[in-house]
Protein chains: 2
Amino acid sequence: MARSHATMSYRDIKQVVLERIQTGIWLPDSLLPSEMELATEFSSTRTTVNRALRELAEEGYLERKRRAGTRVLNSPIRKANFSIPLIHDEIAATGATYRYSLVERSLQTAPSWLSARLSLKKDQDVLYVRCMHYANNAAFQFEVRWIVPEVVPEVIDESFEQSGPNDWLVRKIPFTNLELSFMATKADSEIADFLDAPVGDPIFTAERITWLRGAAVTYAKLYFAPGYRMTTHL
Amino acid sequence: MARSHATMSYRDIKQVVLERIQTGIWLPDSLLPSEMELATEFSSTRTTVNRALRELAEEGYLERKRRAGTRVLNSPIRKANFSIPLIHDEIAATGATYRYSLVERSLQTAPSWLSARLSLKKDQDVLYVRCMHYANNAAFQFEVRWIVPEVVPEVIDESFEQSGPNDWLVRKIPFTNLELSFMATKADSEIADFLDAPVGDPIFTAERITWLRGAAVTYAKLYFAPGYRMTTHL
DNA sequence: CTGTTATTTATGTCTATATATATGGCTATT
DNA sequence: AATAGCCATATATATAGACATAAATAACAG
């Protein structure tokens with residue numbers, strides 16, 4: 001809360017502005033007073049008001065345009081923030097014990113669909129890794145991944161027997177670009193087997209492609225155990 | 001691009017710092033020079049450097065602590081931003097034509113699971129709405145929704161025959177809080193029927209609970225047509 | 001040696017001011 | 001009536017300096 005009558009911080013201003021939006025004092029599509037006017041009202045400075053409004057705009061509440069002013073957005077195109085934690089962090093956060101297990105690791109020629117998806121050269125070698133992640137010894141996630149050794153040559157020396165490729169990649173590659181998709185897939189016999197689920201069960205699935213300066217590094221498909229929910233609050 | 005040799009903007013500084021992280025000049029866990037030192041190096045001011053570093057920290061690249069300094073994060077816990085558009089915007093963005101169709105609208109006593117989930121009073125009345133969203137006349141999403149009239153009394157006068165409850169709610173309620181979950185479910189005969197999919201097909205499903213100043217406004221379950229993918233880039 | 005206190009330091013934030021830039025609206029021109 | 005050019009204005013960003021605050025370190029007391 002703001003100090004009795006002293007100057008308001010940018011947080012206080014954010015709070016007040018947000019309340020005025022949420023209580024309908026400032027209706028959607030309406031124009032806010034200019035930064036100068038608000039600075040006067042809050043006996044603050046334009047710089048401070050600017051920061052408050054800028055952050056509210058980043059959070060999706062306001063739209064700001066030079067000369068045109070700041071207006072309240074009507075359709076809250078608010079951004080859901082899903083943080084993408086390392087899987088052992090995600091599991092540890094629930095209090096469960098994390099366990100990793102390698103299923104397969106082999107060098108193979110990239111299948112054509114992968115070459116197309118990652119824009120690889122024809123018949124390029126890729127490292128194929130399959131592994132399991134467990135929470136309290138229950139199946140949590142089945143990971144199927146391809147890694148392009150041409151982009152990360154060091155991967156050839158990695159056995160991935162003790163820890164998963166994601167851990168290694170995150171430490172090794174400061175990825176520059178990422179495409180992330182979520183979908184629902186049907187458990188085939190292999191996935192069902194690994195995830196201890198009936199064949200045909202709906203499986204929450206993530207697909208992840210990582211690029212390093214324009215070149216595809218890795219493609220991963222992550223199959224979550226039945227019952228998995230990805231949740232966010234905002 | 002930076003002006004030849006003049007002062008660097010906070011964007012330029014962000015860019016340079018990010019490059020130094022991504023090229024390994026500043027390794028994970030290592031400490032960056034202080035804001036003062038960087039300000040000197042970039043012939044800028046501490047305020048400007050501060051903004052650059054602050055934003056990089058928000059984006060998940062850096063960790064900053066008073067007195068302790070700024071260090072490079074080893075696991076970039078980057079945030080995936082999924083914007084939550086209105087469904088007709090989402091469909092229009094693909095170039096398809098949006099069509100809406102009401103399936104059912106009825107006032108009923110809240111089922112006990114819903115009461116528990118939304119912390120409703122016992123035997124409270126809720127408006128039950130089921131509707132379909134089509135893209136180019138193909139099933140896109142089947143929506144099942146409960147709305148609490150006690151929180152939004154005006155909903156009683158809404159027929160939802162021409163447009164969906166989401167549109168109406170977004171315009172009417174400046175929601176204060178939102179819980180959003182994604183999961184994979186199995187199409188039962190009803191869902192399969194509406195989405196024109198085989199029974200048992202995996203269905204990408206969203207669950208959404210909206211609160212207005214502590215009171216639950218609406219609970220929605222959104223079943224997407226087979227093949228739906230939620231994608232983001234970062 | 002241990003626990004407490006004081007000091008130092010890097011970040012956090014605010015103030016005051018100045019310049020830059022986009023753009024809505026006005027005006028003059030075609 | 002449409003268009004091009006100009007101007008006023010609100011936001012965008014930069015600067016310089018100050019005080020606030022958290023936390024690592026050093027100094028100190030028991």
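Each chain gets a letter, A, B and so on, in the order its sequence line appears, and its residues count up from 1. These numbers come from the heavy atoms of this one structure, side chains and all, not from hydrogens, waters or symmetry mates.
Both the sub-6.0 Å distance and the 45° axial angle are not jointly satisfied by B:Arg105 relative to the ring of B:Phe160.
Look at CG on A:Leu31: it is 15 Å from P on D:dT9, rounded to the nearest Å. In this structure, the CD atom of A:Glu35 is 11 Å from the P atom of D:dT13, given to the nearest Å. If you take CG of A:Leu38 and C1' of D:dT11, they are 13 Å apart, rounded to a whole angstrom. Atom pair A:Arg66:CZ and C:dG25:P shows a separation of 18 Å (rounding to whole Å applied). The CG-P distance, from B:Leu62 to C:dA10, rounds to 17 Å in whole Å. Here the P atom of nucleotide D:dT13 and the CD atom of A:Glu55 are 13 Å apart, to the nearest Å. Taking atom CE of B:Met36 as the reference point, atom P of C:dT11 lies 10 Å away to the nearest angstrom. Between the CD atom of B:Glu63 and the P atom of C:dT11 there is a distance of 13 Å, rounded to whole Å.
Aromatic ring centres of B:Tyr134 and B:Phe140: separated by at least 6.0 Å.
Checked against C:dC14, D:dT11, D:dT15, the side chain of B:Ser44 finds its nearest nucleotide in D:dT15. Minimum atom distance to the side chain of B:Arg46 is reached by C:dT13, of the listed C:dT8, C:dT13, D:dA16. Closest contact between the side chain of A:Asn50 and the listed nucleotides C:dG12, D:dT15, D:dA12 involves D:dA12. Side-chain proximity of A:Arg67 to C:dA22, C:dG12, D:dT11: nearest is C:dA22.
Contacts of A:His88 classified as ring-ring contact (aromatic ring centres under 6.0 Å, His included), with partners at least two apart in sequence or in another chain: A:Tyr98.
Taking 4.0 angstrom as the limit, A:Thr48 places a side-chain polar atom (N or O) nearer than this to OP1 or OP2 of C:dT15. The shortest distance between the side-chain N/O atoms of A:Arg64 and the OP1/OP2 oxygens of D:dA12 is below 4.0 Å. Note on A:Arg51: a side-chain N or O is less than 4.0 Å away from OP1 or OP2 of C:dT13. Taking side-chain N and O atoms only, A:Thr70 has no distance below 4.0 Å to OP1 or OP2 of D:dA10.
Nucleotides of DNA chain C nearest to A:Thr45 and B:Glu37 differ in position, and the one nearer the 5' end is that of B:Glu37. Closest-nucleotide positions on DNA chain C for A:Tyr10 and A:Lys65 were compared, and the one nearer the 5' end corresponds to A:Tyr10.
The stretch residues 150-162 of chain A participates, sequence neighbours left out, in these salt bridge (charged side-chain N to carboxylate O under 4.0 Å, His left out) pairs: A:Lys121-A:Glu150.
When heavy atoms are screened at a 4.0 angstrom cut-off, B:Thr47 is found touching base atoms of the nucleic acid.
A:Asp12 and A:Ser9 share a donor-acceptor pair across their side chains, judged by distance under 3.5 Å alone.
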